Amino acid sequence: MGDKPENKDESTSTPTPIEWSEKQKDDILEESSSREITSDAEKTAVGQAPVMGEITIPIQDKLDLEKLDSQIQEKKKDGDEDPFKHLPEHEAEILRRQLDVPAVKVTFFTLHRYATRWDMIILSISAFCAIAAGSALPLMTIIFGRLTGTFSGFFNGHGDISSFNSQLGNLVLYFVYLAIGEFVTQYIATVGFIYAGEHMTQKIREQYLKAMLRQNVAFFDKLGAGEITTRITADTNLIQDGISEKVGLTMSALATFIAAFVIGFVYYWKLTLILCSTVVALVVTMGGGSSFVIKWTAKSQEAYAKGGTVAEEVLSSIRNATAFNTQEKLARQYDAYLNEAESYGKKLQLILGFMIATMMTLIYLNYALTFWQGSRFLVRGDMSLQDVLIILFSIIIGAFSLGNVAPNGKAFTAAVAAGQKIFSAIDRVSPIDPESDEGDKLEEVKGTVELRNIKHIYPSRPEVVVMEDVSLTIPAGKTTALVGASGSGKSTIVGLVERFYDPVGGQVFLDEHDITTLNLRWLRQHISLVQQEPVLFATTIQDNIRHGLLGTEHEDLGEEKQKEMIINAAKMSNAHDFITALPEGYETNVGERGFLLSGGQKQRIAIARAIVSDPKILLLDEATSALDTKSEGVVQAALDRAAQGRTTIVIAHRLSTIKHADNIVVMSQGRIVEQGKHDELLEKRGAYYNLVEAQKIIAAAAAQQEEHSDDISIVDDEKKDPQVLSKEKSYDTEKFESDPDDVDPGRLNRTQTGKSASSAALEKKKAEEKHEYSLWTLMKVVGQFNKPEWYIMAFGFVCCVIAGGGNPTQAIFFAKSISALSLPPPLYGELRHEINFWAWMYFMLAGTQLLSMGGQGSALGYCSERLIHRARDQSFRTMLRQDIQFFDREENNAGALTTFLSTETTHLAGLSGATLGTILMVSTTLVAAMTLAIAIGWKLGLVCTATIPVLLACGFFRFWMLARFQTRAKKAYEKSAGYACEATSAIRTVASLTREQDVWNNYHDQLTAQGAKSLQSVLRSSTLYASSQSFIFLCNALGFWYGGTLIGRGEYTIFQFFVCFTAVIFGAQSAGTIFSFAPDMGKAKHAAAQLKTLFDRVPEIDSWSQDGEKVEQMDGSIEFRDVHFRYPTRPEQPVLRGLDFTVKPGQYVALVGASGCGKSTTIALLERFYDPLVGGVFVDGKEISSLNLTQYRSHLALVSQEPTLYQGTIRENVLLGSDREDEVTDEEIEKACRDANIYEFVMSLPDGFQTLCGSKGTLLSGGQKQRVAIARALLRNPKILLLDEATSALDSESEKVVQAALDHAAKGRTTIAVAHRLSTIQKADMIYVIDQGRVLESGTHGDLVAKKGRYFELVNLQSLGKMG
């Protein structure tokens, strides 16, 4: 919070890279139009609230709460000229240098920058093969024409049977030669281009990562968290897509086009020129249509993206939506976006349907024109029958190959655009470059750090001066602590010492040497940093600690020696015990970013990593602030040991952690206010004294405290698990308290025999069954969504059947036309007459195709849009219906569910009308063709039918393999990209550990292994692709050879031959092509099964259910009776073990205890997110599971640690608290806001209640968000108010404001507060201390302190009283 870009890359609030990229950018753009409550967009990008550091702590004791935490920052327009223009030139220069990115001109050939000589040779050979493969198709038309000419000549009595047979044999052999040539060239071209493309992209990926690891930290502040992820995954994939097989395909297509027209013009230029009109018509249709398609697709995606954002916000804060019963409201909001997306989708489908229809129509019109015009030339003696056919087929093949070029063009421009960003990053020279060898390396380091007249401005926020004229000496071997409000410049000092940034004025010295003159890598090797949110890498614990040895002289020691150092470091950081207790010890993998460990455990491993190389300087940036008191004690003890004998700079929010420091420096607004030891500063009664007061807990028994400070006993030992007691082992005779997280309940040596009540209850529960659904069931699920449109579907299916009959019909027209054109010169009059008739028949066929294809495309497309809309809407509603345990599961995180809504639902189309339509059309074509062929000439009909499977497969595989190549390339690099992103998103950690080379080596190895693997798969899959291209020639050869033989024997006429041949072979070819366009049925089946599982799941706690006793009013007495509970996702871990406590109506009750003791769980059980396994929760004497859920929850309100706001205005967010949406008056809203202490702030904003909050409320500061959340809770006028650590994420100042609002809100209603900071709950009517799921002691603050029990111990741990 506050203005601290220091922990940017680890701050928990930063959205994950993927959510980031698109969504946040959109939000920023949308909101930049109006004046907002945030500073410039970077701030939002860094995931930070507006700066609150500007407020220093006033010295007077009484704070004016209204004024705190109420800054508004004007939003700058994004297009501002120079952001540094208000600064003096030399300062602007220093900042610019840290951000500037060179402009790089990238052309298509630049993408081949890293091609080796070998790559170039492969590319040249592949290009030659691609062109050869492309030219083969038009050559086939020549053989086809000649064969027809030979047949027609034979019938007209030219030549005898033997010369006919030899001619036939020769021409058919040409087909076979072409097939072989096509296979070889196609195979070489595909493999060559894919291999070279992948190899060059691998080099680009490596160079990009190398460049990224070299950049200075300011450069990363400017980039969004998601940007590098996008570059390394999406953009390099785009480049690979643009320089791989698509280049070969484009060359082939162009070669086909050129060869086809050359052949046409050579045979007879006039007819070819006339037929060029077809090409023009096709291009215009495709071009015009696709511009609409692109427009509507973009619009529909944009509308859906907004809906997706809503869904993601809701699902990621599902507890909030459930607690406030806002599911219906939010579902309606989502549906509004779906409606918009659907309306664009329908237009899109209409245009698509008619575009494809027009293409088919143009082909038939082309036949008509060719035969009509060709017959006139033929009668005049200008050309022969074979010329007419050669030209006809050449033009069709040529025109369609041109269509294959256009989509690839997009891939090339996308690749160049992606290259622009990647190459400009590769060419950027970092002003603070850890890879460079320049700079001095000192012989020995004492460790004195000095800052002289430092002025610092963060390059990403040039309008804020963070430090002004600071001079500070940090003596060697001593501990110096920095304290102050957030944003006062504490963390900045760490960034300057590590040299993450260069200051705009002044210098930093290490042992009297200016650090800018020292070698950067060497400097960082002598400094270790432990951050607030430690970043661990996804490897073993041992390797994580070993990262601390990189680049130091210990790096090359033997395995044994290193292991010894690692274990020593772990002992010093108090981590050895819990590591050895893990099943795999030091070989335990910590998971991505270390998520398998608790906060305290991660922090101690990070400390071990920092001290393993025995650095001279140790920087601790709020190393314990994210922990609770108990874990904090353990980590603090570890830090105190680590700090001995080296220069240590400590930054602390909690002042209790630094009272032993040799020097305490108090900072405010980027200046040093005072410094000295703890006691001296307290006596001064200055700024430090005020900070201490703000955090201090009134020690009621101050006098006794000093006598008993050693006597921190643990009450109730018998109740504690034996493991904990035996844990009080010690080395160096120092005692450490053990961290409760280390006692892994999974392995407790249970002394008591018998089972716990919870495990008995758990055994009775049945696991959810996995369902297997039949295809028919799934089809019915999908059909359900389209039930209302059945008549439109029926119409579409009829159209499909008509469209499917087009091909066999045209076979008859074609055969008739050729028979007519074969007539000898004496019958030319009859020839013209017949051709005119058949040309008109073609015209008629074109018309029916236009209507039927267009009809089926738009009708079924319309249905599939309705289907997707309904499926999304219902899925989202069903998700919101689920209970919280559904969302606790790993596979149901917000990201996965949002993806499910956006992708799985679209996959359903694969089982919908469109697919069925395609299947109907293809079957009609094939059945009609076979019937026709066998009826007219059964011998040839049967032989041709035998080729159908081969032709279908060719058509299908040709397109399917191309799609496969693309997805394979994407899939292959996901893992290595994940690795690279993990490293770059934790760039500060990587930089401070000097891990750059190590990360790069790992990445390089992963890519090389990947490349070798993918080469094998490409070699295999290209065989299939090449065969699919060449087998067509062989099927043609078979048909002609057998048909020719039959004609030679006089069994068949030309008409019979052409009907059988064209109907089956052309029909099967077109069917195969259509088949490949059908949506993927495998994915559809999977999606339908997932939907069915989701719809069938009835949650145990069902928010849709109307059962249960109605709750009209409530007094607010609460009782927990012997409650046992374990989380469903972690059944082996007991949370509550017999919790008993009561709360009287109107009481303010606080729950305290170590983290993981079950405090927040009690709140979850009260909200009925879960049901207890044993025992019950009673409100007003009734067990809550017997009450009507919706009504019961309407009397409760929850304010949680992370306030959840949704996109929309402040007013809309406050209104979400109310169940009676329409009846809320403005007075009620105003009252709720006044009570929450935010009304004044809202009114001070330019747009008042209409101010937008931004996605997840990013445009408000933490304290402001929290107060809006309180207003929302108060609007319900709840009888029971639940506060779950409502202030723990705030700094001292915002905390005061929010605490005041909470105290006000608690009046007159039952309140249960869970608190980490004990200072916030001293005034409670009753405090329950919970330990390991039971109440350990209870009473008011005074009673409990006097008891000297666990509460007293917790107070001591947090107290900041003057040391005795």
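None of the values given here were measured: they were computed from a predicted structure.
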S976 and Y1003 have their tightest heavy-atom pair at O-CE1, 3.3 Å

To the nearest 0.5 Å, atom CG of D998 lies from atom CG of D543 at 9.0 Å

- salt bridge (Lys or Arg N to Asp or Glu O under 4.0 Å) evaluation trace for K410 with D241: CA-CA 10 Å; K410 207 162 97 199; D241 203 27; over 6 Å; no

Discussion item. Is a donor from one side chain sitting under 3.5 angstrom from an acceptor on the other, for T989 and Q531?
Written reply: yes

- Do the non-hydrogen side-chain atoms of Q562 and V612 ever get within less than 4.5 Å of each other? no

*asked:* What I'd like to find out is whether the side chain of L557 reaches to under 4.5 Å of the side chain of M565, using heavy atoms alone.
replied: yes

Quiz prompt | Trace of the side chain to side chain contact (heavy atoms under 4.5 Å, CB included) decision for V497 with L510 | solution = CA-CA 9 Å; V497 174; L510 170 63; over 6 Å; no

Margin query: Between S992 and E498, is there a side-chain heavy-atom distance shorter than 4.5 Å?
Written below: yes

Query raised in the report: Does any non-hydrogen side-chain atom of T201 lie less than 4.5 Å from one of I243?
Result: yes

Side-chain contact test, heavy atoms from C-beta onward, threshold under 4.5 Å: evaluate it for L482 versus V650 and give yes or no. no

* Asked: Counting distance only, does the side-chain N/O of D119 pair as donor-acceptor with the main-chain N or O of T116 below 3.5 Å?
  -> yes

| Do R113 and D427 sit within salt-bridge range, that is, some charged N less than 4.0 Å from a carboxylate O? | yes

#### Entry: Side-chain donor-acceptor pair present, Q1010, Q1006, cut-off under 3.5 Å
no

Would I611 and S528 count as a side chain to side chain contact (heavy atoms under 4.5 Å, CB included) here? Give the steps. CA-CA 7 Å; I611 57 180; S528 285; over 6 Å; no

| request: On the 0 to 90° scale, with breaks at 30° and 60°, tag the Y114-F423 ring pair as parallel, tilted or perpendicular. | output: parallel

- Item | Residues L620, V494; criterion side chain to side chain contact (heavy atoms under 4.5 Å, CB included); working and verdict | CA-CA 8 Å; L620 306 173; V494 169; over 6 Å; no

One should read off an interatomic distance between F412 CZ and I239 CD1, to the nearest 0.5 angstrom, of 13.5 Å

- Task: Answer yes if the side chains of D1005 and T1008 hold a donor-acceptor pair under 3.5 Å, and no otherwise.
- Result: no

Between P102 and S424 the two heavy atoms that sit nearest each other are O-CB, 3.5 Å

Carefully, step by step, assess R524 and N519 under the rule side-chain hydrogen bond (donor to acceptor under 3.5 Å, both in side chains). CA-CA 9 Å; R524 287 182 182 163; N519 177 282; over 6 Å; no

- Task: Measure the shortest side-chain to side-chain distance between V504 and L95 over non-hydrogen atoms and say whether it is less than 4.5 angstrom.
- Result: yes

Requested in this report: Would you please test Q202 and E198 for side-chain hydrogen bond (donor to acceptor under 3.5 Å, both in side chains) and show each step?
Outcome: CA-CA 6 Å; Q202 178 185 334; E198 200 151 302; over 6 Å; no

(message) Under a 3.5 Å distance rule, please check whether T994 uses its side chain to pair with a backbone N or O of V990 as donor and acceptor.
(response) no

_Aromatic ring pairing Y195/H199, orientation class (parallel under 30°, perpendicular over 60°, tilted between)_ = parallel

key: Flag if over 12 foreign heavy atoms under 6.0 Å of CD, E438   = no

Criterion salt bridge (Lys or Arg N to Asp or Glu O under 4.0 Å) on R96 and D100, from CA distance to verdict: CA-CA 6 Å; R96 235 179 250 126; D100 271 1; 5.6 Å; no

So CD of Q420 and CG of D235: to nearest 0.5 Å the spacing works out to 11.5 Å

Verify the distance criterion only: is there a donor paired with an acceptor across the side chains of R97 and N216 at less than 3.5 Å? no

Scanning both residues in full, the closest heavy-atom pair of A218 with L99 reads O-CD2, 3.5 Å

One should read off an interatomic distance between I605 CD1 and I579 CD1, to the nearest 0.5 angstrom, of 5.0 Å

query = Do H456 and Y458 pass the ring-ring contact (aromatic ring centres under 6.0 Å, His included) test, and can you show the C-alpha distance, the side-chain angles, and the key distance before you say yes or no?
reply = CA-CA 7 Å; H456 184 62; Y458 282 114; 4.9 Å; yes

Rounded to the nearest 0.5 Å, the CZ atom of R995 sits from the CZ atom of R546 at a distance of 11.5 Å

Inset, instruction - Check whether any side-chain heavy atom of T588 sits under 4.5 Å from a side-chain heavy atom of Q542, and report yes or no. - result: no

In short, V416 meets V106 closest at the heavy-atom pair CG1-O, 3.4 Å

**Asked** Between the side chains of S1014 and S1017, does any donor sit under 3.5 Å from an acceptor?
**Response** no

Note to self: One pair to check against side-chain hydrogen bond (donor to acceptor under 3.5 Å, both in side chains): R604 and S573. What are the steps and the verdict?
What the structure shows: CA-CA 6 Å; R604 281 175 285 162; S573 66; over 6 Å; no

Next on the checklist: Using side-chain heavy atoms (C-beta onward) and a distance below 4.5 Å, is L315 in contact with T898?
Outcome noted: yes

On a heavy-atom basis, the closest approach of A980 and I232 is CB-CD1, 3.5 Å

Paired with V530, the side-chain contact (heavy atoms from CB on, under 4.5 Å) test is passed by just one of D621, L619, I607, namely I607

Of all heavy-atom pairs linking P434 and R214, the shortest is CD-O, 3.2 Å

(Q) Determine whether Y501 and D221 satisfy the following criterion, side chain to side chain contact (heavy atoms under 4.5 Å, CB included), listing intermediate values before the conclusion. (A) CA-CA 11 Å; Y501 303 94; D221 295 341; 2.5 Å; yes

When rounded to the nearest 0.5 Å, the distance separating CZ of R205 from CZ of R231 is 14.0 Å

**Asked** Sub-3.5 Å donor-acceptor pair from the side chain of W1000 to the main-chain atoms of E206, do we have one?
**Response** yes

Counting N and O atoms only, with roles assigned by atom type, does the side chain of N544 sit under 3.5 Å from a partner on the main chain of F537, one being a donor and the other an acceptor? yes

